[in-house]
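Below is one structure, written out as structure tokens; comments come after it.
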Amino acid sequence: MKKTILVFGLLVLALLLLFQLSKYTLISGNLQIEYMMSIIAIAFLGIGLFINKKTHKKLPIPNQKIDLKKVEELGLSKREYEVLKEVSLGLSNREIAEKLYVSESTIKTHVSNLLVKLNAKRRTQAIQISKSLNII
């Protein structure tokens with residue numbers, strides 16, 4: 001909390017210094033008003049980027065272990081499990097087929113088998129079931 005107050009206090013101080021500098025340049029007549037406004041805009045851009053970088057920290061990914069016993073209980077083959085992982089990434093049958101070097105009809109067969117084994121009606125439902133079972 002103290003760090004946040006300090007950072008915002010320094011930002012307010014920097015803002016006040018910028019306004020004083022702009023007032024000085026306006027009074028002295030050395031710079032045109034457009035230059036002064038562009039300098040202030042660039043300063044605010046830098047401050048905004050700094051704040052954005054500090055506030056947007058990457059969230060840690062929960063370290064969930066995959067339940068390989070559940071995969072075996074469901075009777076998923078190694079290739080079907082690979083297809084399930086690719087489906088969970090949102091890839092189409094054609095993209096999965098290209099990635100795994102098999103035909104698209106083979107992928108369709110694997111997806112059909114997955115839907116039966118997971119008791120799902122759609123790919124999205126299969127993904128939801130898989131996530132609830134901690135297999136992806």
Side-chain angles (χ1 to χ4, degrees):
M1 184 69 176
K2 292 179 183 179
K3 185 177 179 181
T4 306
I5 293 172
L6 180 66
V7 168
F8 280 107
L10 290 174
L11 287 175
V12 169
L13 179 64
L15 186 65
L16 289 173
L17 289 174
L18 280 173
F19 283 134
Q20 289 299 323
L21 178 66
S22 66
K23 188 168 88 174
Y24 171 74
T25 56
L26 186 63
I27 291 172
S28 66
N30 291 339
L31 293 175
Q32 295 177 356
I33 191 74
E34 291 85 13
Y35 292 138
M36 180 178 54
M37 296 307 278
S38 64
I39 290 171
I40 292 172
I42 290 170
F44 276 115
L45 176 67
I47 292 168
L49 291 174
F50 174 77
I51 290 174
N52 186 30
K53 183 179 178 184
K54 292 293 182 183
T55 58
H56 283 73
K57 296 178 181 175
K58 292 184 180 179
L59 297 175
I61 299 171
N63 192 7
Q64 296 178 353
K65 294 191 176 188
I66 294 174
D67 191 1
L68 296 176
K69 290 180 182 177
K70 194 67 173 174
V71 174
E72 292 175 8
E73 287 175 15
L74 290 170
L76 297 178
S77 68
K78 190 174 184 180
R79 187 59 104 172
E80 287 171 344
Y81 185 66
E82 289 176 1
V83 171
L84 179 63
K85 288 194 291 188
E86 299 302 327
V87 167
S88 70
L89 296 175
L91 299 179
S92 67
N93 288 344
R94 179 173 289 149
E95 293 169 330
I96 296 170
E98 290 173 1
K99 191 171 183 179
L100 298 179
Y101 303 108
V102 294
S103 69
E104 191 173 348
S105 61
T106 304
I107 297 301
K108 288 179 183 178
T109 303
H110 287 312
V111 171
S112 296
N113 291 340
L114 284 169
L115 294 177
V116 169
K117 290 178 181 180
L118 292 172
N119 196 21
K121 294 180 181 177
R122 294 175 301 282
R123 293 164 69 114
T124 54
Q125 190 179 16
I127 294 169
Q128 288 175 340
I129 292 169
S130 301
K131 285 184 180 180
S132 68
L133 296 174
N134 286 332
I135 60 175
I136 58 170

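Below, each value reflects all heavy atoms present in this structure, side chains not excepted, and no hydrogens, waters or symmetry copies. Start at 1 with the first residue, then count along the sequence. Bear in mind that the values here come from a model prediction, so they are computed numbers and not experimental data.
- In this structure, OG on Ser77 lies 7.5 Å from CG on Leu114, to the nearest 0.5 angstrom.
- Among pairs with a residue in residues 4-14, none fulfils salt bridge (Lys or Arg N to Asp or Glu O under 4.0 Å), at least two apart in sequence or across chains.
- Nearest heavy-atom pair across Leu115 and Arg123 is CD2-N, 4.0 Å.
- Side-chain contact between Lys70 and Asn134 is absent, with no heavy atoms from C-beta onward closer than 4.5 Å.
- Take Thr124 and apply the side chain to side chain contact (heavy atoms under 4.5 Å, CB included) test, not counting sequence neighbours, and it matches Arg122.
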message: I'd like to know whether Asn119 forms a side-chain contact (heavy atoms from CB on, under 4.5 Å) with Ile129, so could you lay out the CA-CA distance, the side-chain angles of the two residues, the decisive distance to 0.1 Å, and finally the verdict.
response: CA-CA 9 Å; Asn119 196 21; Ile129 292 169; 5.5 Å; no

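- The cluster map of Ile, Leu, Val, Met, Phe, Trp and Tyr, joined by side-chain heavy atoms under 4.5 Å apart, puts Val116 and Ile136 in different clusters.
- For the atom pair CG of Asn93 and OG of Ser103, the computed distance is 10.5 Å after rounding to the nearest 0.5 Å.
- Residues that satisfy the side-chain hydrogen bond (donor to acceptor under 3.5 Å, both in side chains) test with Ser112, not counting sequence neighbours, are absent from this structure.
- Shown here are the salt bridge (Lys or Arg N to Asp or Glu O under 4.0 Å) partners of Lys85, two or more places apart in sequence or in another chain: there are none.
- Every side chain to side chain contact (heavy atoms under 4.5 Å, CB included) that Val71 has, sequence neighbours left out, goes to Leu76, Tyr81, Ile135.
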message: Run Leu74 and Leu133 through side-chain contact (heavy atoms from CB on, under 4.5 Å) and show every step you take.
response: CA-CA 10 Å; Leu74 290 170; Leu133 296 174; 4.0 Å; yes

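- Asn113 places none of its side-chain heavy atoms less than 4.5 Å from the side chain of Val83.
- For the atom pair CD (Gln125) and CG (Leu118), the distance works out to 9.5 Å, reported to the nearest 0.5 Å.
- The side-chain hydrogen bond (donor to acceptor under 3.5 Å, both in side chains) test applied to Glu82 returns Arg79, not counting sequence neighbours.
- Among pairs with a residue in residues 87-100, those fulfilling salt bridge (Lys or Arg N to Asp or Glu O under 4.0 Å) read Glu86-Lys99, Arg94-Glu104, at least two apart in sequence or across chains.
- By the side-chain hydrogen bond (donor to acceptor under 3.5 Å, both in side chains) test, Lys108 pairs with no residue at all, sequence neighbours left out.
- Other cluster members for Val12: Leu16, joined by side-chain heavy-atom distances under 4.5 Å among Ile, Leu, Val, Met, Phe, Trp and Tyr.
- Ser88 and Ile127 make their closest contact through CA-CD1, 3.7 Å (heavy atoms, listed as atom of the first residue, atom of the second, distance).
- A search for side-chain hydrogen bond (donor to acceptor under 3.5 Å, both in side chains) contacts involving Lys131 returns nothing, not counting sequence neighbours.
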